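Letters A, B, ... are given to chains in the order of the sequence lines, protein chains preceding strands, and every chain is numbered from 1. Both backbone and side-chain heavy atoms feed into the values below; hydrogens, waters and symmetry mates do not. Since we're looking at a predicted model, the values are computed, not measured.
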Protein chains: 2
Amino acid sequence: MLARVSSTPTFRRLPRAVREQQMLDAAVKVFSRRGYHGASMDEIADDAGISKPMVYAYLGTKEELFVACLHREGTRMMQAIADVVAPDLSADERLWRSLQAFLGFVGAHRDGWAVLYRQARGEQPFAGELTALRLRIVEVVAGMLEHTLRSEGREVTETELEVVAYALVGATESVADWLVDHPEADPEQTATRMMNVAWVGAAQLLAGTTWRPPNRRGEAPS
Amino acid sequence: MLARVSSTPTFRRLPRAVREQQMLDAAVKVFSRRGYHGASMDEIADDAGISKPMVYAYLGTKEELFVACLHREGTRMMQAIADVVAPDLSADERLWRSLQAFLGFVGAHRDGWAVLYRQARGEQPFAGELTALRLRIVEVVAGMLEHTLRSEGREVTETELEVVAYALVGATESVADWLVDHPEADPEQTATRMMNVAWVGAAQLLAGTTWRPPNRRGEAPS
DNA sequence: GAGCATACCTACTCGTGCGTAGGGTTACGC
DNA sequence: GCGTAACCCTACGCACGAGTAGGTATGCTC
């Protein structure tokens, strides 16, 4: 065959580390677009410019590949946040910077993270992985809240903190979803809005300004 | 054959309407446990005590079946909420009752709704269906907020309302997830906690108490 | 109690896509 | 320049599960 006329040098035979990253890039892209089950290993391999057995050789089965994606993106996200929070900042600023970094990250990786995250929740094998990540975040947030509260001399139960932290994290994820669907929106401004509802709400609550259910006519308080 | 000794009368030959409900029950259960792809039509049929072709005859393809599940559960949920909110109630009480009804519903249908909901988000074909439901809820919440705000003479942008509404809805969903994983928790108490962070936060925000990012040293305000 | 619609079944087809067997080729050490 | 290890391919096996063909039984109407 006379083929391979060195048109584009076709860059074949790349070192493993490089190929692995290309594969992961392709996998994230395809998983995002098609969903875990909708994605075929053939398409991923194709998109990475490589053949299927290579994917199996380097990253293992489909499940392992997905976990690898999850792991890489998760680590990147956590890193993006860790890079901007310094322990000497005030609680509110730490929270705001985290929000900013998080939403900024999601905004920059629309394709990647948010959809990957949406994917992973449904599938049994990965729910655990995700829940763990989520839990770590929730604990960080709960920690922030607790610290702030304790420093103001207020007592709160573990459960109360946990629920509030979950609410905050859920709210943020939801706003992240919104952000993914609104490319024109500015992550920083969104973070500020988010901060408003979250911080002001939490602060008020923690300061003791609670809302109590109205006693409706005739109902005896238990 | 001497079989069918009327041990249990085996209740065969039931009218269509009844069988359809049994099938839906089974489908919800299996979809919840296994996920959309993990569930097989055989298992669903089996669980409903019927053979596969009946499922196809009554509810159509797997996709249609799932949509039917989604639809039934979605309708039930909306109904549960609609049953407790009267238009003559104050905004905060309407919101609280909705929360209560919603979390109560989720608590009572742990198996059913929450997991179904988690499932549907990932799969392309149903994301639309779900987003529509979600959007309706967001709009209702946004409406509540707007009404309250306008009545206090404050101006807010469409976008701001939308983000806050998304945050609230996301927070609630997240807390619902938490509730599913904590069977010992009381939905009503959780609703009250939720109400605290949501309403107090939103109210403060809307009253104009905003949080503003600190101007860090040397940074010029744009 | 004949006829008909409806409920119901067993047993298949067939596409799809994961994972692999088995073999070729290019770089790199010596 | 020659062996060897890494990179890379084409082409398949195989299981699993959606959907169907074609036939049976049962209750209802007149």
Residue list, side chain to side chain donor-acceptor pair (under 3.5 Å) with Q124(B), at least two apart or on another chain: none

Where along residues 58-68 of chain B does a heavy atom fall under 4.0 Å from DNA chain C? Y58(B)

Measure from CD on E20(B) to C1' on dT6(C) and round the result to the nearest Å. 13 Å

What pairs with A68(A) under side chain to side chain contact (heavy atoms under 4.5 Å, CB included), at least two apart in sequence or on another chain? L24(A)

Of all of residues 36-49 of chain A, which get a heavy atom below 4.0 angstrom from DNA chain D, listed by number? none

Mind calculating the distance between CZ (R13(A)) and P (dC8(D)) to the nearest angstrom? 6 Å

So which protein N/O to nucleotides 2-4 of chain C N/O distances come out below 3.5 Å?
none

Look at the aromatic rings of F66(B) and F126(B) and report parallel, tilted or perpendicular, splitting at 30° and 60°. tilted

Taking atom OG1 of T192(B) and atom CG of L103(B), what is their separation to the nearest 0.5 Å? 9.5 Å

If the condition is side chain to side chain contact (heavy atoms under 4.5 Å, CB included), which residues does E20(B) pass it with, not counting sequence neighbours? R16(B), Y58(B), L59(B)

Q79(B) side chain near D83(B) side chain, heavy-atom distance below 4.5 Å: yes

For the pair made of CZ in R16(A) and C1' in dA6(D), what is the distance, rounded to whole Å? 10 Å

State whether R19(B) places a side-chain N or O below 4.0 Å from either non-bridging phosphate oxygen (OP1 or OP2) of dC8(C). yes

Partners of H182(B) by side chain to side chain contact (heavy atoms under 4.5 Å, CB included), sequence neighbours excluded? E162(A), W178(B), E184(B), A185(B)

Which residues pass the side chain to side chain contact (heavy atoms under 4.5 Å, CB included) test with T131(A), sequence neighbours left out? none

Find the distance L14(A):CG to dC8(D):P and express it as a whole number of Å. 6 Å

So which protein nitrogen or oxygen atoms get under 3.5 Å of nucleotides 10-16 of chain D's nitrogens or oxygens?
none

Counting heavy atoms from C-beta on, name the nucleotide in dC9(D), dA18(D), dC9(C) closest to the side chain of Y56(B). dA18(D)

What residues, two or more places apart in sequence or in another chain, satisfy side chain to side chain donor-acceptor pair (under 3.5 Å) together with K29(A)? D47(A)

Using the side chain to side chain donor-acceptor pair (under 3.5 Å) criterion, which residues pair with D25(B)? Sequence neighbours excluded. R72(B)

With sequence neighbours left out, write down each residue that passes ring-ring contact (aromatic ring centres under 6.0 Å, His included) with F102(A), or none if nothing qualifies. W113(A)

For a quick test of reading the model, state the closest non-hydrogen atom pair linking R94(B) to V85(B) and the distance between them. O-CG1, 3.7 Å

